[in-house]
2 protein chains.
Amino acid sequence: MTREPRGKRQHYTVDVVALTPRDNQLAVLLEQRSEGREKSVRWVLPWSASRNGEGLDDLAQHAIRRSVGAASVWNTQVGAFSEGPHPGGSDLSIVYVALVPMGEATVQGDEFQWFLLSELPPLTERQNQMLQESVNAVRDRLDLYPVAFRLLPATFTLSELQHMYELLLGRRLHKASFRRALTAAALVEPTDEWRSEGRGRPAQLFRYGPRKRRRARRGVRFDLLG
Amino acid sequence: MTREPRGKRQHYTVDVVALTPRDNQLAVLLEQRSEGREKSVRWVLPWSASRNGEGLDDLAQHAIRRSVGAASVWNTQVGAFSEGPHPGGSDLSIVYVALVPMGEATVQGDEFQWFLLSELPPLTERQNQMLQESVNAVRDRLDLYPVAFRLLPATFTLSELQHMYELLLGRRLHKASFRRALTAAALVEPTDEWRSEGRGRPAQLFRYGPRKRRRARRGVRFDLLG
DNA sequence: TGACATTAGTCACAATATGTGACTAATATG
DNA sequence: CATATTAGTCACATATTGTGACTAATGTCA
């Protein structure tokens, strides 16, 4: 027999980790909310409470639109987190990470503000965990999904693209290797525009435009950490 | 101000996709539940309803223990799913995938039964989606987490290990390459036992025993599908 | 018993992929 | 015009991976 759950019904929120590049690192969008009884003010990840009949993706869209405005921002689910308290009293946070392109990081009001990951205000344990896992999720998907392109403007130079990869991977890449791999993958196409950025030779602008190709099938890769 | 959500409070379940190898493919554990008013009987993924003060990992443990018994079964979160109806009336399913080693796939009662993935009874759209994503999650983590070892007994031959990888990847691997990569990764250690399986030369038994090593850092890999 | 089938395990070489420094090109600065 | 600076390419060394062929140790069966 199907039974109702015994205890009090629990509820959940959809929490959004919006990331954008800024000052050669990542920044996350936080919202200032005053807490009920304490009258204190604190920064929290933007969230939407669950409502009847609304799917997770819709709730995430709401939270994103409310905070960063742009509806075209790319996002994906990171997972569910239940440990520690949530500012909205939710038992469960479903986390979505949203990538906002460089230069489009405008904000929907005074209560929102971008914080560099190196200069975060104090957050609850749960929020720190969600933030950490969101950054990990982006990094882990780097080779399978075009996440780097979602953080760049529609057109970009190959040096900018490389710097974005370096930022996300946290290490330097060799220029020639990077471009060779990029060419082999047929992921970008050149535009006929060039950008002259101060001194140095002007760089050609590219756009993301993957051409159909079958995924490489190599042998197994044992890349586990002991 | 922190507000309570407006609509009716929603509740969630933790649903478990337990997988085990069987007949050279994967099998999933389903539970027979009779639905309230319809008096009909159908197979569903085992689940636990949310209760006060219990974290997701605990709920998953309950569902696993209730269905497959063994507490040592390895499991990990896959994600949250809200689309379509759930047999328990939950608005939201948090899915955990659990890997049950070959040969330990005993079951906790008549209402539970293993089904080969190729011979599934009809499931709801949500359940099909959760199952699909769970299998994908296992496959995607193959190179980063020792999931194949969690589906094998404590000791195994290298041929068995290779067959498990082939099963999970859905393609054949070359014996010499496989073993070379395995040696380089220092993931298994030999026991002093050998198994003679009918004809052919006896095979040495190994156990999973990763030695500490730093993760490989190569250049970028663009492995996206167009 | 001995030829043969069958599975385990290893090797060497070919084919690819990657790491790297040095090179040329095109601009701004002074 | 010399120099600094960034873009873009090349060639070669090194590392990794694909592959077939080989040896080893068993069971089967004439």
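All of these numbers come straight from a predicted model, not from anything done at the bench. Order of the sequence lines fixes the chain letters, A, B, ..., with proteins taken first and strands second; residue numbering starts at 1 for each chain. We use all heavy atoms of the structure for the numbers below, so side chains are in, but hydrogens, waters and symmetry mates are not.
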Salt bridge flag under 4.0 Å for residues B:E166 and B:R172: yes

Is the closest side-chain heavy-atom distance between B:L26 and B:V138 below 4.5 Å? no

Starting from the 5' end of DNA chain D, give me the residue, A:S177 or A:G200, whose nearest nucleotide shows up first. A:G200

On DNA chain D, more 5' by nearest nucleotide between B:S196 and A:V220 is A:V220

Check step by step if side-chain hydrogen bond (donor to acceptor under 3.5 Å, both in side chains) holds for A:S93 and A:R126. CA-CA 9 Å; A:S93 296; A:R126 178 137 130 209; 3.1 Å; yes

Without decimals, in angstroms, what is the distance between [X] [atom1] and [N] [atom2]?
X	N	atom1	atom2	answer
A:F206	D:dA7	CZ	P	12 Å
A:Q162	C:dG19	CD	P	12 Å
B:W194	D:dT26	CH2	P	9 Å
A:R179	D:dA11	CZ	P	17 Å
B:L182	D:dT16	CG	P	16 Å
B:E197	D:dA25	CD	C1'	15 Å
B:H174	D:dC22	NE2	P	14 Å
A:L173	C:dA17	CG	P	19 Å

Consider the side chain of [X], meaning its heavy atoms from C-beta on, and name the nucleotide among [options] that approaches it most closely.
X	options	value
B:R180	D:dC12, C:dT10, D:dT17	D:dT17
B:K175	D:dT9, D:dT17, C:dT10	C:dT10
A:R201	C:dA8, C:dT20, C:dA25	C:dA25

Partner of B:F222 under ring-ring contact (aromatic ring centres under 6.0 Å, His included), picked from A:Y208, A:Y165, A:Y145, is A:Y165

5' priority, DNA chain C, between B:P202 and A:A176 [closest heavy atom]: B:P202

C:dT29 phosphate, OP1 or OP2: any side-chain N/O from A:R199 under 4.0 angstrom? no

Side-chain N or O of A:S159 versus OP1/OP2 of D:dA7: is the shortest distance under 4.0 Å? yes

If we count only N and O atoms by modelled type, under 3.5 Å, do the side chains of B:T155 and B:R195 hold a donor and an acceptor together? no

